[in-house]
**Student:** 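Sharing a structure here in structure tokens format.
Numbered from 1 within each chain, the chains take letters A, B, ... in sequence-line order.
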Amino acid sequence: MLDLDRIFSGMIRVLEDRVLPELTSGYARGQLHAVLELLENLQGRTVWGGPLLEGEAAMLDSLAAEAVAELGDPQDALAVRLRSFVADPPSLLTDRVQTGRALVCDLVAGGHADAGALAAMVDAYLTNDAVMKALGLKTSRLAEISQG
Amino acid sequence: MLDLDRIFSGMIRVLEDRVLPELTSGYARGQLHAVLELLENLQGRTVWGGPLLEGEAAMLDSLAAEAVAELGDPQDALAVRLRSFVADPPSLLTDRVQTGRALVCDLVAGGHADAGALAAMVDAYLTNDAVMKALGLKTSRLAEISQG
Amino acid sequence: MDFQAQLQTFLARVTGDPAASIEELRRHTQGFSMETMSFVGNWREAGALQKRRLVLRRQPEAGLLEPYDLRPQVAAMRALQGVMQVPPLLWFEEDCAVLGAPFYVMGFVEGDVPLPMVAPGAELPIPDADTREALAGDLAENLVALHRFDWRGAALEIFAAPSGLRQAAQMQIDVWRGYYERSRPGPLPMLERAFRELDRRARAIAEHGQVSIVHGDFRTGNFLRKDAHVMAVLDWELVHLGDPMEDLAWACSRLWRGQTDLAGLLVPRARFLELYRQAGGGEIDVARVAFYDLLGAVKMAAIMLTGIRAFADARTDDVRMAIFAHQVDGLNMVIAESLGLVPSLNN
Amino acid sequence: MDFQAQLQTFLARVTGDPAASIEELRRHTQGFSMETMSFVGNWREAGALQKRRLVLRRQPEAGLLEPYDLRPQVAAMRALQGVMQVPPLLWFEEDCAVLGAPFYVMGFVEGDVPLPMVAPGAELPIPDADTREALAGDLAENLVALHRFDWRGAALEIFAAPSGLRQAAQMQIDVWRGYYERSRPGPLPMLERAFRELDRRARAIAEHGQVSIVHGDFRTGNFLRKDAHVMAVLDWELVHLGDPMEDLAWACSRLWRGQTDLAGLLVPRARFLELYRQAGGGEIDVARVAFYDLLGAVKMAAIMLTGIRAFADARTDDVRMAIFAHQVDGLNMVIAESLGLVPSLNN
């Protein structure tokens with residue numbers, strides 16, 4: 001996930017260096033300074049979260065639990081990591097999601113999800129997550145961004 | 001705590017309605033549209049958090065645990081709430097902090113923290129939290145905000 | 001009808017000149033509370049052409065001090081003309097139909113408003129020490145004139161009169177507890193702790209003593225000056241009857257000292273108290289000043305919470321209100337200092 | 001020396017006219033990758049005064065397609081002059097000392113660039129259906145001309161030539177897996193799943209078949225048109241030798257259809273394939289188009305990840321790169337559709 005601090009510092013920099021100098025009215029300048037102060041203080045006081053990420057974390061939890069049951073050899077390194085993830089998931093939401101995603105990547109890369117029940121589970125997670133996140137996107141401003 | 005969504009929607013509104021119309025260069029307009037798209041999508045994907053809030057939650061945890069030990073009557077309604085907070089804290093960080101703060105407020109309002117060990121504990125929490133959060137503040141832009 | 005036309009209609013009515021006109025209408029957005037505009041009014045009065053620069057202050061839709069009632073500040077400014085430096089108050093209109101909200105019109109007063117803020121390492125708003133000293137003296141004289149004014153002889157029925165200084169203290173606690181309870185976004189332990197302490201200290205204040213008109217927001221940032229002279233004390237939204245120590249504590253509060261030890265970025269706190277006494281303000285009650293110092297920090301928090309609430313409820317789109325949500329964190333340190341929880345950094 | 005002066009010095013050198021001058025220098029910021037500027041150059045050539053509008057494209061410091069190498073695109077544009085609609089390429093400068101980074105200069109081509117985006121409910125970039133049909137036909141003809149060009153006879157040693165179509169597919173997988181692995185901000189299961197599927201499908205592609213010059217970014221948004229005529233195909237940064245089905249799949253990708261079923265917001269996908277065949281492009285291999293459709297979605301994700309990484313590492317301050325961090329979420333749906341995990345909304 002992109003570092004949230006970096007997004008804030010990027011927004012602050014462009015607003016301060018490129019947008020502020022073009023403002024002429026005192027009202028707009030005052031409001032932009034307030035936005036800048038807000039962004040500077042949201043930085044460090046906010047973290048990735050919300051229902052989309054919580055939803056993905058929950059899906060990864062169940063996927064990992066089911067994968068533990070499906071994987072044959074309990075001594076397999078991946079099976080060991082999956083069991084540890086199920087038994088003691090990272091407490092920070094972003095860590096939990098990143099660890100879960102890494103496990104799915106390794107299931108796929110290891111060929112465990114090429115066919116059968118595990119393939120269906122992985123595809124169900126990928127599909128549901130993609131659908132939920134796509135629904136959560138706001139209409140893009142790409143046209144305005146490109147045209148200025 | 002102020003609703004994070006509301007802060008984002010307020011920033012989006014003022015940037016779109018008051019700042020954007022004053023921009024003349026295509027570059028600044030394109031960049032501001034990108035900032036707007038970022039803010040629109042941070043909304044719903046971020047929550048209050050970070051080290052300051054985590055620190056306060058940890059202090060509230062210990063304060064509650066010590067208060068349980070200090071409060072005499074175990075049947076007292078406040079003592080019951082404190083025990084429940086210690087045994088089963090809310091999983092969401094903001095809920096945990098809000099619940100903990102409410103307990104401290106009730107300790108103070110009920111006179112439990114007027115003197116003695118509980119008073120010292122409450123004041124230590126208040127002082128440490130105030131110092132940490134004040135250190136976390138960025139230099140205010142209030143002068144620029146007022147002058148425009 | 002646009003705003004300028006509505007204002008012209010108003011001017012025609014109050015001056016009795018149907019040809020009255022206005023020009024150079026400007027909105028000033030510096031304030032966080034009342035809306036402020038300036039304009040030049042032209043009208044004929046007793047045969048002579050008047051051309052006068054005027055200032056209009058209008059009740060905002062939402063803001064830091066809601067709910068708004070313009071009558072006390074208008075009554076105070078009227079009663080105090082000639083007593084101390086106040087702007088000349090010309091007209092007061094309570095009817096919302098005229099300009100959308102109640103407002104009053106004052107004569108324009110020349111001068112600049114030094115702000116009680118200084119960036120780290122930057123020059124003070126008034127760099128010259130002699131000017132600061134003289135200005136502080138003039139401020140203290142104005143404050144003493146206000147506090148010594150015999151309000152019982154003036155038409156100030158709109159003010160609730162406390163029976164004495166203890167009740168005055170309790171009334172102020174009630175006012176700001178009210179703001180706090182209406183606006184807090186959740187439980188705030190530091191404020192709860194401060195209110196409990198204020199209750200305790202108020203009980204120890206003696207009832208007897210002089211009740212005065214209290215400006216309520218007397219500080220750097222709320223007066224116009226020219227060189228070392230106070231031209232007008234502004235921003236009377238918080239005027240009430242109470243303890244003169246309240247204005248003194250507020251003027252000297254940590255809130256208006258930046259990272260310096262200068263009350264209102266003018267002179268050291270002890271020096272301002274001394275100037276007040278020298279101007280005839282009588283003895284300083286240290287315990288009551290300390291009480292109002294704590295009350296002041298709490299009041300500032302309550303004001304910020306009111307702004308945050310107006311923003312949270314989407315009654316205002318002014319994002320400046322939202323910054324108070326993190327600035328309250330800094331205010332907790334000021335409260336902690338007033339409570340004696342942390343050592344005073346400068347006094 | 002400022003940029004304009006540096007550019008003038010360059011123009012004087014390449015034209016051999018020490019008095020060469022430039023005017024109307026403008027920076028265009030629409031692009032997400034190469035920096036683009038336009039200007040008018042004045043110089044004397046064989047005794048006659050030249051006054052020509054020119055376009056300069058410079059390698060950016062950081063961006064979507066880094067690391068940059070301008071040589072392949074310059075070689076392709078040079079080789080294709082007269083073969084299809086490409087901008088006239090005048091000069092190429094590899095020395096960073098001249099303008100800070102390698103660049104080339106092209107003659108200005110008149111026309112507008114329709115973008116492959118349409119706001120919900122808004123009119124298509126080209127509202128007239130007949131114009132869209134004719135333009136799609138002209139595009140298909142240009143594409144066929146490109147794909148039928150005998151590159152073996154041209155000076156294109158800079159291009160790595162795959163031995164056949166299976167190797168071409170595997171080379172493209174390697175290219176984009178490289179971008180993905182260098183830039184991903186963490187594990188991305190959908191991309192891992194897509195790469196596994198691409199490997200599987202690539203193994204099923206027959207090696208024999210025609211290897212062509214592939215534009216690599218052939219789509220609405222990357223050509224200039226006047227009415228229904230393609231004036232120039234632009235943006236040759238991704239040109240390479242490979243499978244012609246790659247350009248076809250990319251031109252028809254879900255990425256450039258908005259919420260419509262029109263490939264590049266021009267004509268239905270099947271119609272564009274038909275136009276390509278009619279122009280002499282030969283039979284369409286459905287399986288290979290499907291392979292490159294999935295590769296295209298993965299490639300778009302890899303491009304976005306490269307921009308995100310440039311922003312994350314603070315090598316660019318362009319916040320437009322940061323929006324890809326959430327747009328990758330939308331792209332996952334396109335990948336899911338290409339993988340057959342969700343039904344195709346429009347085909």
**Student:** For chain B, which residues from residues 306-313 of chain C have at least one heavy atom closer than 4.5 Å to it?
**Tutor:**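 Near chain B, by residue number: C:I308, C:F311, C:A312.
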
**Student:** Are C:Y68 and C:Q73 linked by a side-chain donor-acceptor pair shorter than 3.5 Å?
**Tutor:**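 No pair is found: no donor N or O on one side chain lies under 3.5 Å from an acceptor on the other.
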
**Student:** Of the backbone (N, CA, C, O) and the side chain (C-beta and beyond), which part of C:A119 lies under 4.5 Å from a heavy atom of chain B, both, or neither?
**Tutor:** neither

**Student:** Against chain B, label C:I335 side chain, backbone, both or neither, depending on which of its atoms sit under 4.5 Å from a heavy atom there.
**Tutor:** neither

**Student:** Need one label for B:V131: side chain, backbone, both or neither, based on atoms under 4.5 Å from any heavy atom in chain C.
**Tutor:** both

**Student:** Using the six-membered ring wherever Trp is involved, compare the ring planes of C:Y180 and C:F195 and label them parallel, tilted or perpendicular (cut-offs 30° and 60°).
**Tutor:**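 C:Y180 and C:F195: tilted rings.
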
**Student:** Is C:E192 paired with C:R184 through a side-chain N to carboxylate O contact shorter than 4.0 Å?
**Tutor:**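 Judged by the 4.0 Å cut-off on N to carboxylate O distance, C:R184 and C:E192 do form a salt bridge.
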
**Student:** Salt bridge between B:R141 and B:E144, side-chain N to carboxylate O under 4.0 Å?
**Tutor:**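 Not counted as a salt bridge, because no side-chain N and carboxylate O are separated by less than 4.0 Å.
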
**Student:** Examine whether an atom of C:R193 lies under 4.5 Å from a heavy atom of chain B, and if so say whether it belongs to the side chain, the backbone or both; otherwise answer neither.
**Tutor:**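 Contact with chain B involves both backbone and side-chain atoms of C:R193.
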
**Student:** So which of B:L126, B:V97, B:L103 has the largest heavy-atom pair count under 4.5 angstrom toward chain C?
**Tutor:**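 Counting heavy-atom pairs under 4.5 Å, the top option is B:L126.
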
**Student:** Is C:R225 positioned over the aromatic face of C:F223, cation under 6.0 angstrom from the ring centre and no more than 45 degrees off axis?
**Tutor:** no

**Student:** At a 4.5 Å cut-off on heavy atoms, which part of B:L142 comes close to chain C: side chain, backbone, both, or neither?
**Tutor:** both

**Student:** Can you name the side chain to side chain donor-acceptor pair (under 3.5 Å) partners of B:E56, sequence neighbours left out?
**Tutor:** B:R101, B:Y125, B:K133

**Student:** Under 30°, 30 to 60°, or over 60°: which ring-plane class applies to C:H215 and C:F218, parallel, tilted or perpendicular?
**Tutor:**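 Perpendicular: the ring planes of C:H215 and C:F218 meet at over 60°.
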
**Student:** Could you have a look at C:D317, C:T316, C:N332 and say which one has the most heavy-atom pairs with chain B under 4.5 angstrom?
**Tutor:**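 Of the candidates given, the most pairs with chain B belong to C:D317.
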
**Student:** Does any backbone or side-chain atom of B:D129 lie under 4.5 Å from a heavy atom of chain C? Answer side chain, backbone, both or neither.
**Tutor:** neither

**Student:** Do the side chains of C:R269 and C:D261 get close enough for a salt bridge, i.e. N-O under 4.0 angstrom?
**Tutor:**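 The answer is no: the pair does not qualify as a salt bridge.
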
**Student:** Donor-acceptor check, side chain of B:S25 to backbone of B:A28, threshold 3.5 angstrom: yes or no?
**Tutor:** yes

**Student:** Using atom types as modelled and distance alone, determine if a side-chain donor or acceptor of C:N222 lies under 3.5 Å from a backbone N or O of C:D217.
**Tutor:**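 Side chain of C:N222 to backbone of C:D217, a donor-acceptor pair under 3.5 Å: yes, one is there.
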
**Student:** Let me know if C:L341 has heavy atoms under 4.5 Å from chain B in its side chain, its backbone, both or neither.
**Tutor:**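 Both backbone and side chain.
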
